[in-house]
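Report on the following structure.
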Amino acid sequence: ISSKSSTDEKTGKEVNLINASHTTGNGKYTDLLNLQLTVGDDGDCVLETCSESQVTSVLDFSTNFCNLHNLYCNDNESCNSIHNSLDYKEDYENCSQNSVSKCSS
């Protein structure tokens, strides 16, 4: 895991970047995770994420989505929240496989 902070040249806002990896339980596959945190215009936290398989996977059965979703999901979603239940909204730019029912923590 690595992290760094910078300032967005266009907006002047602080940007926090986190880069990490996730290895499957059997050790066969590793996915790279990128998270970018900023403060939205309304003062809310904005989290932009990407998980990318390091092998060719046309169908990943929501694995990359779940890699990230499991980091912030809530108890009422059959997931173990770490500390707080969050109020969030998910928007997808490039994630056709995003089934929460496939996520388990």
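We number each residue from 1, following the sequence as shown. Atom set for the values below is all heavy atoms of this structure, side chains included, hydrogens, waters and symmetry mates excluded.
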Taking side-chain contact (heavy atoms from CB on, under 4.5 Å) as the test, write out the residues that go with [X], two or more places apart.
| X | result |
| --- | --- |
| S53 | D31, S57, N64 |
| F61 | L59, K102 |
| D8 | K10, T11, V15 |
| S5 | E14, N16 |

SG/C73 to OH/Y88 distance, rounded to the nearest 0.5 angstrom?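 It is 6.0 Å, given to the nearest 0.5 Å.
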Can you tell me how far the OG atom of S2 sits from the NZ atom of K4, to the nearest 0.5 Å?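 Rounded to the nearest 0.5 Å, the OG-NZ separation comes out at 8.5 Å.
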Any link between L68 and L17 through a network of hydrophobic side chains (Ile, Leu, Val, Met, Phe, Trp, Tyr) touching at under 4.5 Å?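 Result: no, two separate clusters.
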Name all residues meeting the side-chain hydrogen bond (donor to acceptor under 3.5 Å, both in side chains) criterion together with S3; count only those two or more places apart in sequence or in a different chain, and write none if there are none.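 Checked S3 against side-chain hydrogen bond (donor to acceptor under 3.5 Å, both in side chains); zero matches.
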Contacts of T63 that satisfy side-chain hydrogen bond (donor to acceptor under 3.5 Å, both in side chains) - sequence neighbours left out: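 With neighbours one apart ignored, the set is empty.
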Do the ring planes of Y72 and H69 sit parallel (below 30°), tilted (30 to 60°) or perpendicular (above 60°)?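 Taking H69 first and then Y72, their aromatic rings stand perpendicular (interplane angle over 60°).
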Minimum heavy-atom separation for I1 to A20, with atom names?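 Nearest heavy atoms, I1 then A20: CG1-CB, 3.8 Å.
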Among L47, T49, L35, side chain to side chain contact (heavy atoms under 4.5 Å, CB included) partner for L71: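 Answer after filtering L47, T49, L35: L35.
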So does V46 get a backbone contact from the side chain of E48, meaning a donor-acceptor N/O pair under 3.5 Å?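 Judged by distance alone, no pair lies under 3.5 Å.
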Once salt bridge (Lys or Arg N to Asp or Glu O under 4.0 Å) is applied, do any residues pair with [X], and if so which ones, sequence neighbours excluded?
| X | answer |
| --- | --- |
| K89 | D91 |
| D42 | none |
| K13 | D41 |

Any salt bridge (charged side-chain N to carboxylate O under 4.0 Å, His left out) involving residues 15-29? Give me the pairs, sequence neighbours left out, ordered by first then second residue.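 Non-adjacent pairs meeting salt bridge (charged side-chain N to carboxylate O under 4.0 Å, His left out): zero.
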Verify side-chain contact (heavy atoms from CB on, under 4.5 Å) between L33 and H22, making sure each step is shown before the conclusion. CA-CA 7 Å; L33 311 175; H22 173 263; 4.3 Å; yes
Check the SG atoms of C66 against those of C103: under 2.5 Å or not?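 Yes, because the SG atoms of C103 and C66 sit under 2.5 Å apart, which meets the disulfide cut-off.
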Fellow cluster residues of V39, listed by chain then number, with links counted only when side-chain atoms sit under 4.5 Å apart: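 Under the 4.5 Å side-chain rule, V39 groups with nothing.
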Could you list the residues that satisfy ring pair (Phe, Tyr, Trp, His ring centres under 6.0 Å) with Y29, not counting sequence neighbours?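 With sequence neighbours excluded, Y29 shows a ring pair (Phe, Tyr, Trp, His ring centres under 6.0 Å) to no residue whatsoever.
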I'd like to know whether T7 forms a side-chain contact (heavy atoms from CB on, under 4.5 Å) with E9, so could you lay out the CA-CA distance, the side-chain angles of the two residues, the decisive distance to 0.1 Å, and finally the verdict. CA-CA 6 Å; T7 301; E9 292 179 13; over 6 Å; no
Evaluate the side-chain contact (heavy atoms from CB on, under 4.5 Å) criterion for residues L32 and S51: first the C-alpha distance (whole Å), next the side-chain angles of each, then the deciding distance (0.1 Å), finally the verdict. CA-CA 6 Å; L32 298 181; S51 174; over 6 Å; no
